[in-house]
Protein chains: 2
Amino acid sequence: MDIPIVSIVGKSDSGKTTLLEKIISELVKRGWRVATIKHNLHGFDIDHEGKDSWRHKKAGASTTVVYSPRQLALIQDIDKDYTFADIRDNYIRNTDIILTEGYKDNPFPKIEVFRKEMRRDLLFKKKDNLLAVAADTKLNIDVPCFDINDAKGIADLIENQFLKNKPKENPV
Amino acid sequence: MDIPIVSIVGKSDSGKTTLLEKIISELVKRGWRVATIKHNLHGFDIDHEGKDSWRHKKAGASTTVVYSPRQLALIQDIDKDYTFADIRDNYIRNTDIILTEGYKDNPFPKIEVFRKEMRRDLLFKKKDNLLAVAADTKLNIDVPCFDINDAKGIADLIENQFLKNKPKENPV
């Protein structure tokens, strides 16, 4: 069965990464193996200038892997804008749940971060697979509305919907 | 067929990365798709503090992928010290040749970088699958000895031994 994907969506600076950090911590604390995918349309900056891996890549390697006994990093040229499903199917294993950030137009279940001072309308509706909202105000909507800091409540929702029948491997 | 692996080996500060850069450039110029693998026993430092991907990983994600339409980076916890063959089989695709650095004890063909001021003996012998030496002096040995800057000659050797029957995909 495919690893489930839940997307954290919202306007820029709504606090997506902060919420995501809290949900990751909460799910990991409960023993789940969490992967994340971040889509940056305009590129990203990952390695440090002058490091060997940086030098390999700059010299023209299309793929560079650097690894130790504890961690591995792969940097790879790609030739199209992959979907989250492509990334899941090609790069992610040994994971119970994938949380994503960025790339708004995706078919996966979404949790939208909403701040009242940013804009009145939500980006998504229930028909867009909006699962819940995390907001700094109470919204009268047809999906669950969590407090923006309620990582426990959101983790409960994710667990109930996507993880309840999976055995945990490493409860901590 | 497995993607061939050639290891650039040598003492610390012998100039492995510099030679590797030149060989990568030369092979890429000839139209080959090159991947590199760097093994660091003591860990490595790849992402930038404060970046979203760094925050995801720090919050406990065991795998984090960040990607744009042109490049992808994956950072992943691993639970053992993989061999180069493990890395090749699990992470590298669409590649004609893999060049590696670090991890001296490996069974793959090796090119040893040698500088006369560093130490008298070579680390490897022909029986260890030593393919050639790149040195700043002439050595009287039973494998080809290239000048330490002769990336073209070394690329010819690699091409003849590992790539000659492969079709090039994107000559540039």
Side-chain angles (χ1 to χ4, degrees), chain A residues 16-18 20-25 27-29 33-48 51-53 55-82 87 90-95 98-99 101-102, chain B residues 16-18 20-25 27-29 33-48 51-53 55-82 87 90-95 98-99 101-102:
Chain A
K16 293 190 292 293
T17 307
T18 301
L20 194 45
E21 285 174 314
K22 292 177 187 164
I23 300 171
I24 295 166
S25 296
L27 289 170
V28 168
K29 199 159 52 174
R33 297 165 304 172
V34 178
T36 65
I37 308 176
K38 162 90 186 184
H39 181 264
N40 271 336
L41 191 55
H42 304 294
F44 57 87
D45 172 31
I46 188 108
D47 207 351
H48 298 279
K51 291 268 175 189
D52 291 350
S53 47
R55 291 171 63 185
H56 297 176
K57 195 77 200 57
K58 190 160 161 50
S62 47
T63 299
T64 291
V65 174
V66 52
Y67 75 108
S68 75
R70 297 197 302 176
Q71 201 168 67
L72 176 145
L74 168 144
I75 303 178
Q76 189 166 63
D77 295 340
I78 55 180
D79 55 7
K80 62 168 187 154
D81 202 9
Y82 288 103
I87 302 294
N90 287 294
Y91 295 95
I92 300 188
R93 278 159 281 182
N94 305 320
T95 294
I98 298 170
L99 303 175
E101 196 182 334
Chain B
K16 293 191 290 294
T17 307
T18 302
L20 193 45
E21 286 174 312
K22 291 177 186 163
I23 301 171
I24 295 166
S25 295
L27 289 169
V28 168
K29 200 159 53 177
R33 296 165 305 174
V34 178
T36 65
I37 308 176
K38 162 91 185 181
H39 181 264
N40 272 336
L41 191 58
H42 304 294
F44 57 89
D45 172 31
I46 188 111
D47 206 351
H48 298 279
K51 291 267 176 188
D52 292 349
S53 47
R55 291 169 63 185
H56 297 177
K57 196 78 200 55
K58 190 161 165 42
S62 46
T63 299
T64 291
V65 174
V66 52
Y67 76 107
S68 75
R70 296 198 301 177
Q71 200 168 70
L72 175 145
L74 167 144
I75 302 176
Q76 191 166 62
D77 295 340
I78 56 181
D79 53 9
K80 62 168 186 155
D81 203 9
Y82 288 104
I87 302 295
N90 287 295
Y91 295 95
I92 300 189
R93 276 159 282 184
N94 304 320
T95 294
I98 297 171
L99 302 175
E101 196 182 333

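Since we're looking at a predicted model, the values are computed, not measured.
- The candidate from A/Val34, A/Leu72, A/Asp81, A/Ile24 with the greatest count of non-hydrogen atom pairs under 4.5 Å with chain B is A/Leu72.
- Residues passing the salt bridge (Lys or Arg N to Asp or Glu O under 4.0 Å) test with B/Lys16, sequence neighbours excluded: none.
- Separating the CD1 atom in A/Ile87 from the CD1 atom in A/Ile78 is a distance of 5.5 Å, to the nearest 0.5 Å.
- Nearest heavy-atom pair, B/Ser25 versus A/Ala59, reported as atom, atom and distance to 0.1 Å: OG-O, 3.4 Å.
- Comparing A/Leu99, A/Ile75, A/Leu74 by how many heavy-atom pairs each has under 4.5 Å with chain B, the most go to A/Leu74.
- Chain A forms more heavy-atom pairs under 4.5 Å with one residue of B/Ile23, B/Thr63, B/Leu20 than with any other, namely B/Thr63.
- With chain A as the partner, the residue from B/Thr64, B/Asp52, B/Thr18 showing the most heavy-atom pairs under 4.5 Å is B/Asp52.
- The greatest number of non-hydrogen atom pairs below 4.5 Å with chain B, out of A/Leu41, A/Thr95, A/Asn94, A/Ile98, is found for A/Leu41.
- Interface remark: B/Ser53 contributes side-chain atoms only to the contact with chain A (heavy atom separation under 4.5 Å).
- The candidate from A/Ala61, A/Ser62, A/Ser68 with the greatest count of non-hydrogen atom pairs under 4.5 Å with chain B is A/Ser68.
- Between chain A and the residues B/His42, B/Lys22, B/His39, B/Lys80, the largest count of heavy-atom pairs under 4.5 Å involves B/His39.
- Contact record, B/Tyr82 with A/Tyr67: O-OH, 2.8 Å, taken as the closest heavy-atom pair.
- Here the side chains of B/Asn90 and A/Arg93 are in contact, with some heavy-atom distance below 4.5 Å.
- Listed options A/Lys58, A/His56, A/Glu101 were ranked by heavy-atom pairs under 4.5 angstrom with chain B; first place goes to A/His56.
- In terms of heavy-atom pairs under 4.5 angstrom with chain B, the leader among A/Asp79, A/Ile37, A/Leu27 is A/Ile37.
- For A/Lys57, the salt bridge (Lys or Arg N to Asp or Glu O under 4.0 Å) partners two or more places apart in sequence, or in a different chain, are A/Asp77.
- A pairwise comparison of heavy atoms in B/Gly60 and A/Val28 identifies O-CG2, 3.4 Å as the closest pair.
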